[in-house]
Amino acid sequence: MATYELKINGNTHSVDVDPSTPILWVLRDHLQLVGTKFGCGISQCGACTIHVEGNATRSCQIPVSAIGNKKITTIEGLSKNGDHPVQQAWLEHDVPQCGYCQAGQIMTAAALLDSNPNPTDEDIEATMSGNICRCGTYTRIKAAIKTAAKSGSLS
Amino acid sequence: MTLVRTTFGRRAFIKRVGLASGGLMIGFSWLAACKDATPEEVVMMPDEWFEMNGFLKIGDNGMVTIMSPNPEIGQNVKTSMPMIVAEELDADWDKVFVEQAPLNTELYTRQLAGGSQSIRQGWEGLRMAGATARHMLKEAAANLWQVPAAEITTAAGVLTHQASGNSAHYGEMASAAATLEVPEEVEMKDIKDFSIIGTSRKNVDGKKIVTGKPLFGLDTYKEGMLVAMLVHPPAFGMRFKSMDADSVKNMPGIKDVFTIDTYTDGTRKSFADIATFNKKVAIVGETTWQVMQAKKALAVTWEDSPDDSFEIDMFGRIMKTEYPSGKESSQSHALKMAEIGSKKGNVVRKDGNVDKAFKKAAKVLERSYSCPFLAHNTMEPMNFYANVTADHAELIGPIQTPEFMEQSVAARLGLTLEQVDIQMTRMGGGFGRRLYGHFLTEAAVISQTMQKPIKLVYTREDDMTFGNYRPSYYVTYKAGLDENNQLIAFQVRAGGIPESPLFANRFPAGAVENYQAEDFTIKSNVSVGAWRAPRSNFIAGAEQSFLDELAELAEKDPIDFRLELFDKAIKNPVGENNDYEAERYAGVLKLVREKSGWGKTREGVHRGVAAYYCHNSYVAQVLDIVNKNGVPKIENVCSAVDCGIVVNPDAAANMVEGGVVDGIGHAMYSSVTFKDGEPQQRNFDNYRLIRHGEAPRKQEVHFVKNDIDPTGLGEPPLPPVMGALANALYKANGKRYYHQPFMSNKPLLG
């Protein structure tokens, strides 16, 4: 066990855990930030996607010991009032069906638009292909990302 | 308006003891829902709620809470079912809170997610719940204003009496209305007067989903809760022998390691209790990661299991499922199906004489199709929270069959039904997997053993290797055309492991003079279960591919070829018990022909068409493929759907779009194969699910407009698209696809 000071969503959280614990389980089990989902545990489905220093990262594969001072953003911290352009576009297109994978989809999409504010269909497909949706909401996800890109309010 | 007696589901409308005087409601779990309330919701909260009936309560400020009785699995019933209540209540939808009802067999009927039946079976009761409350609000206003109730009108949560100029919102009348007698008869709206049903309303949980609020079973965290995981046999045909529990008991955070029997001899089991592996090892610890480490380290010895069987009570009929001993392989499965499928099966339906007709036929086409086992792969793995004490069981989690599981878990724990409380969380997908609630029972047994609250969590590997798969199927079609290219003989022989996918009375039964349907089954120890659109999820694609090839042989346009057959089924049906309405079937084909611009050719675009009927609804699809650098890319899918009245059109379109992607993905990429009884796919690294770049670029969904009471939608869009895909692929590259997954296009051989 070891103590870590984690910078998550603008706050500092102290946790005492085994160094090998993936950040996913630190978020869920220790900090009750359960918006980040467990899907596969081998970074194949993208349900656990968070931002580490702004980069979309699969939290199920990153041990807490590797985080250090890096800033983490989870779905709970993507925006203060749930009004990030991607979140708004998701609501406008009523994207979710079961909803379980959507936090991961949103985090990947938000990071994509951060680095590429006007993605083409091919850009979207390439980036989003790491996030599985069993309900099959891909068509709407693509439309929502385009809407968010057009909204022009991305920082 | 139509006057209807309030007999249907009346028990839900009769107020319970203790409520008669004040009307202040006590039966709802508002506090439970409150903790996740958004700031907007908190502001809108009334001081007092008044219960009108088991489905709704009205606040003194005019806010309305509508209970959604059925489990939410992503099919959007948590929005669409309350919309039906709100319609007949004449509520202002912007002032409606929706709350997931707990399991309550006293108040609600059929709290089950399955068979695309929630809206269809809930329709009348939900309407009546709203209409009854509206009637009581009008009575209350009539009493206060001293005017005839019949002169009072309602709209968007407001009561108005035009002549006297009186007006009040529902909240002002709720207290008085809640004390009134439930009427013997109520007026229900004419369909043409609907103002909420048929309009698109956003998912009531949308904001919570996109902001990561705890909604799912796996998100359950309670004070003092431990985490439990299971270790089950690595292969079908094996069982537990022994273990070295001490090897992990001292690992950090580990509390206990022991075996559990999910079911004990003599426990009554329903269909919802199907599970291959009965004895498993439970590991209980403080955190998920700690338990995962112990799970990897634990040394368990397994042994071959003998012939086994599992008896279930199928609605009063005892059905026995046999699990023969042995460790099976996909190779032997494929050989067995092909061998048995080449012989005459059990004749289920016979019209005319196919053998004679085939002899007379000018052209005969015979083709075989197959598909592998499939895992459900809900994105949220199986899990359940259980807190079982000597006289109570609190069970929280994702379950499609709470009513069945309440009965079986109560029997297993030695508790009464009254001592078992099941709360349904939003489900991170189901697709049939959560019809089988062994994980709920496992959680309860672990909690009872530990005498502590626990949350049972499956890893993805557990989830994928536990069974209750979509069965593997095989079908052979044979058809004969006469010299005028008329279909004169049709034979279908369908079987599978362990069940046949045959629907003997579905199209083209009824449209062919000489028709014969046969089935066969092969026993297996691999457990299976319902998977989105059971049986249809294979046979539709096979049948629609075969009809496409047959139309080509008959030198006819594939839509015209089908419409000719439907024409015959309409004008001169063959046989009885034909399980479809030919007019509605033809209707969706005509609609998709019109909307897709079928018949117009576009350079480089290859089109396939298919249509199917299941779960009381009709769906036709046209799928367009373009070849990009030699790789087929699905450009567009156009769906035409007849599911009766559409409650929430945009959400319904979403469901269709999802079914299309899901169907394409599984037909194209997915399979579970076995070697020595062991599933060869354990996680998403080698179990292929469709990914974003493989999904259609665009989709269009068109609904047939009619006044037929709503029918199913969760399942019907999936089956036909597999056929449309195969037919478009043929146009794109000249190859017919007979075996799923199409990516390999050969019978799976291990």
Side-chain angles (χ1 to χ4, degrees), chain A residues 1 17-18 20-22 25-26 28-30 32-42 44-45 47 74-76 78-79 81-82 84 86-88 90-91 94-103 106 121-122 124-142, chain B residues 38 73-76 200 202-203 205-207 209-216 218-219 221 227 252 287-290 292-293 377-381 426-431 457 459-461 650-651 654-655 657-662 665 683-685 689-699:
Chain A
M1 304 289 263
V17 293
D18 185 279
S20 72
T21 310
W25 294 112
V26 174
R28 292 187 58 85
D29 278 1
H30 299 270
Q32 254 101 82
L33 289 167
V34 297
T36 306
K37 301 301 187 204
F38 168 58
C40 69
I42 59 166
Q44 289 289 318
C45 77
T74 70
I75 187 73
E76 290 92 343
L78 183 65
S79 63
N81 301 310
H84 185 282
V86 172
Q87 287 169 315
Q88 286 180 329
W90 244 248
L91 291 174
D94 216 13
V95 171
Q97 287 185 29
C98 87
Y100 191 80
C101 74
Q102 298 296 345
I106 288 168
D121 277 352
E122 286 76 12
I124 294 172
E125 287 171 4
T127 305
M128 299 306 296
S129 281
N131 287 73
I132 296 175
C133 174
R134 167 74 220 267
C135 299
T137 61
Y138 298 128
T139 317
R140 280 181 189 228
I141 287 174
K142 185 175 291 165
Chain B
T38 60
I73 197 176
Q75 81 282 48
N76 205 41
S200 294
K202 303 284 190 204
N203 187 332
D205 277 341
K207 185 80 185 266
I209 291 168
V210 304
T211 52
K213 291 279 188 296
L215 291 168
F216 301 94
L218 210 58
D219 300 342
Y221 283 82
V227 174
T287 70
T288 314
W289 184 245
Q290 289 170 331
M292 279 180 169
Q293 301 316 298
N377 279 325
T378 62
M379 291 312 293
E380 180 194 19
R426 187 177 186 87
M427 279 178 265
F431 313 105
V457 178
T459 62
R460 176 58 57 193
E461 289 81 1
D650 187 56
N654 197 358
M655 189 73 5
E657 292 160 20
V660 163
V661 172
D662 204 16
N683 207 324
F684 296 129
D685 52 346
L689 279 177
I690 189 168
R691 288 177 183 271
H692 200 114
E694 296 150 347
R697 276 266 164 92
K698 283 186 292 184
Q699 291 205 48

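Naming: A, B, ... by sequence-line order, numbering from 1 per chain. These figures come from a predicted structure and were not determined experimentally.
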Review point. Taking the side chain from A/Asp94 and the backbone from B/Asn203, do they hold a donor-acceptor pair closer than 3.5 Å?
Key: yes
Practice item. Indicate yes or no for a side-chain donor-acceptor contact from A/Asp18 to the backbone of B/Gln290 under 3.5 Å, with no hydrogens or angles considered. Key: no
**Study point:** Over-ring placement of A/Arg134 relative to B/Phe431, 6.0 Å and 45° cut-offs
**Key:** yes
Check your understanding: Side chain, backbone, both or neither: which part of A/Ile106 has a heavy atom under 4.5 Å from chain B?
Key -> side chain
Point to revise | Which portion of A/Thr74 sits near chain B, non-hydrogen atoms under 4.5 angstrom | key: neither
Review point. Relative to chain A, which segment of B/Met427 carries a heavy atom at a distance below 4.5 Å: side chain, backbone, both, or neither?
Key: backbone
**Study point:** Residues A/Glu122, A/Lys142: salt bridge by 4.0 Å N-O rule
**Key:** no
Practice item. Kindly assign one of parallel, tilted or perpendicular to the pair B/Phe216 and A/Tyr100, based on the angle between their ring planes and the thresholds 30° and 60°. Key: perpendicular
Practice item. Would you check if the side chain of B/Glu380 reaches a backbone N or O of B/Leu218 as a donor-acceptor pair within less than 3.5 Å? Key: yes
Exercise for review: Give a yes or no on whether a salt bridge exists between B/Asp650 and A/Arg140, defined as a side-chain N under 4.0 angstrom from a carboxylate O.
Suggested key: yes
Practice item. Go through the steps for A/Gln97 and B/Asn654 under the test side chain to side chain donor-acceptor pair (under 3.5 Å), then give the verdict. Key: CA-CA 8 Å; A/Gln97 287 185 29; B/Asn654 197 358; 2.9 Å; yes
Point to revise | Region of B/Met292 that comes under 4.5 Å of a non-hydrogen atom in chain A | key: side chain
Review point. At a heavy-atom separation under 4.5 Å, does B/Ile690 approach chain A through its side chain, its backbone, both, or neither?
Key: both
Point to revise | Contact class of A/Val95 relative to chain B, heavy atoms under 4.5 angstrom | key: backbone
Check your understanding: Considering only heavy atoms, which portion of B/Asp685 lies under 4.5 Å from any heavy atom of chain A: side chain, backbone, both, or neither?
Key -> both
Practice item. Specify which of B/Thr211, B/Thr287, B/Thr459, B/Ile73 makes the most heavy-atom pairs with chain A at under 4.5 Å. Key: B/Thr211
Study note, to complete from the structure: Scored by heavy-atom pairs under 4.5 Å with chain A, the best of B/Val210, B/Val457, B/Asp662 is B/Val210
Check your understanding: Taking every heavy-atom pair that is under 4.5 Å apart, which of A/Met128, A/Gln87, A/Glu125 has the most such pairs with chain B?
Key -> A/Glu125
Point to revise | Winner by heavy-atom pair count (cut-off under 4.5 Å) against chain B, out of A/Glu76, A/Gln102, A/Met1, A/Gln44 | key: A/Gln44
